[in-house]
Colleague: 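The structure's right below; bear with me while I get my questions together.
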Amino acid sequence: MIDPILPTYNRVDLVFERGEGAWLFTRDGERYLDFTAGIAVNVLGHAHPHLVAALTEQAGKIWHLSNIFRIEGGERLAQRLVAATFADTMFFTNSGAEALECAIKMARKYHFANGAPERNRIIAFNGAFHGRTLATISAAGNAKYLEGFGPAMPGFDHVPFGDLDAVKAAIGPETAGILIEPVQGEGGVRSASWAFLRELRGLCDEHGLLLMLDEVQCGVGRTGKLFAHEWAGITPDIMAVAKGIGGGFPVGACLATEEAAKGMTLGTHGSTYGGNPLAMSVANAVLDVVTAEGFLEQVQATAARLRQRLAELKDRHPAVIAEIRGEGLLLGLRTLVPNGDLIAAMRAEAMLAPAASDNVVRLLPPLNIGQAEIDAAFEKLDAACTRIEAQLRQDGVKGAAA
Ligand SMILES: *Cc1c(COP(=O)(O)O)cnc(C)c1O
């Protein structure tokens with residue numbers, strides 16, 4: 001009999017009752033170190049007092065209004081993000097995929113508004129993840145996610161991640177823009193070099209294309225800058241944001257320059273919930289903390305300390321860990337055993353982390369973890385790797401006996 005919840009997820013059989021910072025507690029009071037953080041969502045951990053206060057205060061006033069009306073929290077959030085980024089304007093959504101949908105529509109509409117409606121193709125990268133709507137699975141082009149869902153949406157050309165010559169070769173008279181994650185999350189915590197991003201910026205300028213960044217996972221402080229592209233010293237024309245911006249409340253946004261947004265005129269796009277007062281109150285509260293003096297410097301320092309411990313871990317367990325990847329607190333351990341084995345061993349040590357492609361275990365802690373969490377992570381990872389080594393030795397003995 002089918003589960004009352006559509007069985008599309010492979011869920012861990014744990015029930016968490018409450019969270020506090022980087023820790024999750026089960027009903028039986030067991031404590032887990034949460035380096036999943038809702039997959040890079042809970043940037044300030046669980047039950048952050050400032051976020052709880054913002055949400056509960058707003059809950060007592062107005063939950064929902066509709067975009068028929070002005071929403072003060074949204075106006076404030078938009079002004080703050082305009083001040084903090086390249087963007088002149090933005091559209092609020094409830095998810096990352098919707099932010100990408102807006103980005104894709106905007107890029108096509110831009111060229112339409114310029115009298116070039118044939119320019120509607122977007123160059124995207126192998127290994128990308130942009131969401132699970134029909135347009136975003138088509139944008140990413142991952143066969144596993146497209147299979148069985150009928151024809152992919154046309155208009156996407158896929159090239160290898162980081163391959164500038166392939167990008168150049170893919171640019172044609174119908175190209176509208178280039179869409180890239182500065183750091184691929186699901187794809188295995190793979191970083192495009194900052195030089196590559198600068199090259200893409202140059203190509204877009206040269207050919208009149210829109211540079212579209214998917215910073216749904218790598219944005220909002222995750223790499224130690226508010227947005228990852230800042231490391232490259234470039235700005236995009238359009239950027240999709242979600243995950244961290246809501247700190248656990250569903251919020252997304254499609255940010256754009258005035259020029260890129262020029263086709264998105266009255267009535268061209270909309271969302272019932274996008275920018276809803278509850279969401280805006282939480283996103284403003286997240287921004288209060290993430291943009292506070294010294295916060296991002298702290299993330300960079302934390303990332304450096306964690307990375308150093310991970311290097312030590314790799315040295316201690318060369319049969320388990322092949323490589324440490326990533327930027328800031330978007331980190332990946334490429335493993336020599338199946339990544340699921342390390343994740344299971346970590347869970348046995350009461351530590352939670354998600355997988356990624358390329359046999360990678362992602363480490364996505366809240367951005368505000370302290371030394372205690374770094375130490376706990378090292379100890380749990382060390383113990384998990386030791387478990388795996390014991391298993392490998394046992395398998396070796398069995399193998400020799402057989
Ligand atoms: C999670 C993710 C998305 C999709 O976001 P949803 O909120 O699940 O729709 C898109 N792009 C990237 C890079 C992501 O990590």
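Remember, it's 1-based here, ligands and their atoms both numbered in the order they're listed. Heavy atoms only: backbone and side chains are in, while hydrogens, waters and symmetry mates are out. Please read all numbers here as calculations on a predicted model, not as lab measurements.
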Colleague: Could you please spell out the steps behind the side chain to side chain contact (heavy atoms under 4.5 Å, CB included) verdict for Leu306 and Phe35?
Modeller: CA-CA 12 Å; Leu306 178 58; Phe35 271 38; 4.1 Å; yes
Colleague: Would you give me the side-chain donor-acceptor pairs under 3.5 Å for residues 166-175, sequence neighbours excluded?
Modeller:
from	atom 1	to	atom 2	distance (Å)
Thr175	OG1	Gly172	N	2.8
Thr175	OG1	Gly172	O	3.2

Colleague: So that I can tick it off, tell me whether Arg190 and Glu181 are bridged by a salt bridge, with the cut-off set at under 4.0 angstrom between side-chain N and carboxylate O.
Modeller: no
Colleague: Can you name the side chain to side chain donor-acceptor pair (under 3.5 Å) partners of Lys105, sequence neighbours left out?
Modeller: His269
Colleague: Kindly list each side-chain donor-acceptor pair under 3.5 angstrom involving residues 48-59, sequence neighbours excluded, with atom names and distances?
Modeller:
from	atom 1	to	atom 2	distance (Å)
His48	ND1	His50	N	3.1
His50	NE2	Asp288	OD2	2.8
Thr56	OG1	Val52	O	2.7
Thr56	OG1	Ala53	O	3.3
Glu57	OE2	Lys61	NZ	3.0
Gln58	NE2	Ile62	O	2.8

Colleague: Write 'none' if nothing qualifies; otherwise put on separate lines each N/O atom of ligand 1 with a protein N/O atom under 3.5 Å away and their distance to 0.1 Å.
Modeller:
from	atom 1	to	atom 2	distance (Å)
ligand 1	7 (O)	Gly96	N	2.8
ligand 1	9 (O)	Gly96	N	3.4
ligand 1	9 (O)	Ala97	N	2.7
ligand 1	11 (N)	Phe129	O	3.2
ligand 1	11 (N)	Asp214	OD1	3.3
ligand 1	11 (N)	Asp214	OD2	2.7
ligand 1	15 (O)	Gln217	NE2	2.7
ligand 1	15 (O)	Lys243	NZ	2.6

Colleague: Can you see whether Tyr145 has Arg132 sitting over its ring - NZ or CZ less than 6.0 Å from the centre and within 45° of the normal?
Modeller: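 So Arg132 does make the cation-pi contact.
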